[in-house]
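What follows is a short report on a single structure.
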Amino acid sequence: MNGSFIQKNSGFFKKHNQRLGLKIALIFFALCLSVGGLVCWYMGQSLTRMTLQEQQAKLQIKAELASYAASVALWNYDKASVQSLVTALTADPAIQSATILNEKNEPVAWGTAQATPLHEQSFFDAIIRRTIVSLVYENLAPISLDLFYKVSEGKDFSGEPVGTLVINGSVDYQIKDSSVLVASLTQSIFTISAIIFFTSLLVTHLFVTSPLSQISRNIDTLDPDNPLQFKPVRTSRLNSKDEIAHITETLEMFVQRLISSNREIRSSEQRFKALLENSLQGFVVTDEDNTILYSNTAAAKIFGFETAEDFIKTRDYSKTFADQANLVAQSKIPTEGFVHFAAEKRLRRDGETIFLDNNIHTIEWHGSLKKQAVLIDVTCQVQAERELRSLATRDSLTGLPNRTLVLEHLEHKARTSDQDQFYILYFDISSFHKINELLSREAGDQILIEISQRLQESLGSAWTIGHLGSGHFILLSPPDLSHQQLSHLRKEILKVLRFRHRDTHLCNSEDETAYPLDLQATFSACVYPRDGQDSETLLNKCEQLNKYAKQENLPGIEVFDPELDQKLFENIQMEKRIVSGIENNEFFLLYQPKLDARTERPVGCEALVRWQTRQGPIFPDRFIPIAEESKQIVPLGRKIMHLAGQQLATWRKNHLNAGHIAINVSAIQLLHSDLYADYLSVVERYGLSPSDLQIEITESTTMQQLELIIPKLVQLRELGAAIAIDDFGTGYSSLSYLKDLPVTHLKLDRSFVKDLPESGALAIAKAISGLGHALNLTIIAEGVETSEQASYLKSLEYDQFQGYLYAKPLSPEDYESFLNSTDENDNPTKLAWRPAF
């Protein structure tokens, strides 16, 4: 009945979400049945055992009472009496069957009680009888008594066995009272379990499932995108302080947080959308078929569309690729990280090529994985890099490869030549700087441009032509060029250098002037791979060989000879030794006095650098040219300036009036260092006046880069430094530029002093003296070795003398002695002073 009720009302539980209540009620019901079943089982066993024991005891007594009658009947062989005794026994409801056996265990009489129900069995009574009694006591042992007949033997009695009495008790009769009791208990327990089931179901419904169902329905109606429509759960007073109320409060707090989070998410989405739309980076989302799903405005404009909608309408993202092979399949994109493409070539809407930096990664888009591309337009950057590359690798004047690009071409040619030999030809247009000076810098630039064009037209594309600045050119030949072809090439290049140049740089085109040019050049060449396999080494060998050919005035093309390698190697080693010599303080100064021409007393000296190594001295004519070629003259000149400043400060500290010190400055120093900063640093460090350190520059080197050198000399002159032109008179254009140079002294070259009093030398010396004094300059004669020379120079009103007549270059100690001796002796020419070397 209860099962049918649950089955009929199962729709109620499903409809009203009472499954939890039903589970709890069924659990209570099962617990009650289990506990009650165990109680009934235990009570049934206990009661049945007690009842059976009691009935068996009574049955034992009845058997003993019947045993005497049975013994007498058997002794007398009264079968009728025996049978009547059995019938009497089976008539007892407590006895199920009875049997009497003779002494041979042969049945004499037996009988069984009729199977009549003792009382009406109920459902639970039948269950009890089938379980407890049948399972536990189905093998109940019968009562068996041996029968004896007592015989008198004198005063004693003895038993004579006559047979056996066997009685089986009626279990149903014996336990009828206990089974009824246990059945009643079982029925009561089942009834109580049913009451507990429905009670727990009702209580659970009222206190648990009904509030939870309401909470569940409210959660079902909760829209995460619009949580404001959520209706709070109203709990009854019964649940005001329990877990249901706590769940309700927690749910309301959650809804409030959800509302707040939604607001933040919408705000964040708006900000993110604004960032995407206003970003300079392009964002594009595509599917695996390269269909555009999303684009921001920046991406649309990158590809030439006005709006993102117009770009999305094109649908096909693959149209933006210049090469369809560059499309990346979604399967090749890692789930974590991204694929980067730098300066990827793409197409605008109008077909123009653009370059993009592209990061592609996988994102989840509306429930599925899509491709997202983050794009940056680097077209301007790529173009700028190409322009910078051109500026860095191309000569800005001629457009030919510069040294950097020539080295790259040389390395590439070496890699691809497969050991085929080719020539590296280097030529230097002789005295090209004279063109700039005689004509103009602009005219010289036009001539270089024209030479470059003529070289390209004459040699063709098989040759790599580079311009290394000024009149220096380099050519890389095709493979396996013969020596005869190389000689013919020299003639072709000389033809290129022989032409009429029209100067179109003049302001008035009518003044266009044509100059016939017949330029000469010095040629040198190296062979790859015979003379080396490193591009820098080959080029350096060509340059060194060209300098050697120029110094030796060698005709033709000077091809690298391995025998020259030792000399070039020595030059390179010399460069390294100069560096280490500067670091190890191996350079020192000697000082040659300069004297006033009228009084013949010292006014200062010229500092001359010397180099003492562990292997012995190295003279200036050996290391100075190499220092200038390698630009090591810059740190060496800085070292000389500091040594001179330090020495002058030491003399003055010792109260010695040493006058000024003149230091020689190379044009390389003026062009490739901050001479003004170096000079000012020495003056300030040693507490000198700018006039204490005199700058001497040679005329020939100064004239080469006059327009660059003059501003630096003006800067030094404004500081207060005295500036002298050394070797004056040997240059070809000194007079034309003398008015522009901020000099204070002129030094007549020793070649003119040596030839005095010859008329030609005398005339030049007189002219230079007159010119210098007219310009308010101090005129110095160097190389004065005889009194006759000194006498003539005095007559020409020279201001100062310098030469072996007075002293050779002296060590600091000898120079101090020289100064002290001139204070004591009125005729310093009588003193013999010798330098350290």
Side-chain angles (χ1 to χ4, degrees), residues 582 585-596 599-612 620 624 633-666 669-670 673-697 713 715-726 743-745 747 778 780 782 799-803 806-823 828 831 833-837:
I582 296 172
N585 297 316
E586 295 176 357
F587 291 94
F588 63 96
L589 298 180
L590 297 179
Y591 302 93
Q592 186 172 29
K594 294 196 295 183
L595 292 87
D596 184 272
T599 63
E600 292 189 346
R601 301 194 67 79
V603 294
C605 60
E606 179 182 358
L608 302 173
V609 64
R610 296 294 184 265
W611 187 7
Q612 180 66 43
I624 291 295
I633 195 68
V634 172
L636 179 58
R638 190 179 297 117
K639 180 75 172 179
I640 291 170
M641 195 178 297
H642 275 271
L643 289 174
Q646 184 181 19
Q647 185 61 62
L648 188 56
T650 301
W651 284 335
R652 293 196 174 169
K653 184 178 179 181
N654 296 332
H655 306 288
L656 189 66
N657 185 14
H660 67 265
I661 296 180
I663 55 177
N664 291 285
V665 174
S666 168
Q669 291 175 260
L670 287 166
S673 70
D674 191 349
L675 185 62
Y676 176 84
D678 293 340
Y679 183 87
L680 185 60
S681 173
V682 171
V683 169
E684 292 179 345
R685 179 175 180 178
Y686 300 108
L688 304 177
S689 171
S691 60
D692 292 336
L693 286 180
Q694 188 178 97
I695 302 296
E696 287 192 5
I697 55 176
L713 293 177
Q715 195 178 23
L716 288 168
R717 186 70 192 96
E718 290 176 349
L719 182 64
I723 301 173
I725 295 182
D726 196 11
V743 297
T744 58
H745 297 66
K747 292 184 73 172
T778 300
I780 306 170
E782 64 176 349
D799 300 306
Q800 296 175 10
F801 293 155
Q802 180 181 343
Y806 304 102
K808 293 184 178 181
L810 305 172
S811 67
E813 295 79 10
D814 289 339
Y815 185 72
E816 291 179 15
S817 300
F818 175 82
L819 293 177
N820 292 329
S821 67
T822 55
D823 290 338
L831 300 174
W833 296 99
R834 294 290 182 266
F837 65 87

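Keep in mind the model is a prediction, meaning the values are calculated, not measured.
Between the CD atom of Glu718 and the OH atom of Tyr676 there is a distance of 8.5 Å, given to the nearest 0.5 Å. Distance CD1/Ile633 to CG/Leu636: 4.5 Å, rounded to 0.5 Å. Of the inter-residue distances, the one linking Ile725 atom CD1 with Glu696 atom CD reads 11.0 Å to the nearest 0.5 angstrom. Between the CG atom in Leu680 and the CG atom in Leu693 there is a gap of 11.5 Å [rounded to 0.5 Å]. The distance from atom CZ of Phe818 to atom CG of Leu595, rounded to the nearest 0.5 Å, is 5.0 Å. The distance from the SG atom of Cys605 to the CD1 atom of Ile663 is 11.0 Å, given to the nearest 0.5 Å.
Across Gly659 and Arg652, no two heavy atoms sit closer than the pair O-NH2, 3.6 Å. Between Val683 and Pro690, the shortest heavy-atom distance links the atoms CG1-N, 4.2 Å. Between Gln669 and Gly637, the shortest heavy-atom distance links the atoms NE2-CA, 3.3 Å. Closest of all the heavy-atom pairs between Val634 and Ser673 is CG1-CB, 3.5 Å.
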**Report entry** Worked check of side chain to side chain contact (heavy atoms under 4.5 Å, CB included) between Asp692 and Ile661
**Finding:** CA-CA 6 Å; Asp692 292 336; Ile661 296 180; over 6 Å; no

Report task. Take Glu606 and Asn664 through the test side chain to side chain contact (heavy atoms under 4.5 Å, CB included) and record every step on the way to the result. Result -> CA-CA 8 Å; Glu606 179 182 358; Asn664 291 285; 2.9 Å; yes

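Taking the side chain as every heavy atom from C-beta outward, Tyr679 and Ile695 approach each other to under 4.5 Å. Side-chain contact check for Ile624 versus Val609: some heavy-atom pair is nearer than 4.5 Å. Leu713 is listed as a side-chain neighbour of Leu670, based on a closest heavy-atom distance under 4.5 Å. Side-chain contact between Met641 and Leu675 is present, with at least one heavy-atom pair separated by less than 4.5 Å. For the pair Tyr806 and Pro602, the minimum side-chain heavy-atom distance is 4.5 Å or more. Contact of the Tyr686 side chain with the Leu648 side chain is not registered, since no non-hydrogen atoms from C-beta on lie closer than 4.5 Å. Counting only heavy atoms from C-beta outward, the side chains of Asp799 and Ile780 never approach each other to under 4.5 Å. The side-chain heavy atoms of Lys639 and Asn585, taken from C-beta on, include a pair separated by under 4.5 Å.
Remark: the backbone N or O of Gln646 is paired with a side-chain donor or acceptor of Thr650 at under 3.5 angstrom.
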Less than 3.5 Å apart, which donor and acceptor atoms pair up between the side chains of residues 586-594 and the rest of the protein, not counting sequence neighbours?
residue: Glu586; atom: OE1; partner: Trp611; partner atom: NE1; Å: 2.9
residue: Gln592; atom: OE1; partner: Gln802; partner atom: NE2; Å: 3.0
residue: Gln592; atom: NE2; partner: Ala807; partner atom: O; Å: 3.2
residue: Lys594; atom: NZ; partner: His660; partner atom: NE2; Å: 3.1
residue: Lys594; atom: NZ; partner: Gln694; partner atom: OE1; Å: 3.1

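Arg685 is linked by a salt bridge (Lys or Arg N to Asp or Glu O under 4.0 Å) to nothing, counting only residues two or more places apart in sequence or in another chain.
Donor-acceptor pairing under 3.5 Å is recorded for the side chains of Asp814 and Ser811.
Other residues, nucleotides and ligands place no more than 12 heavy atoms under 6.0 Å from the CG atom of Asn657.
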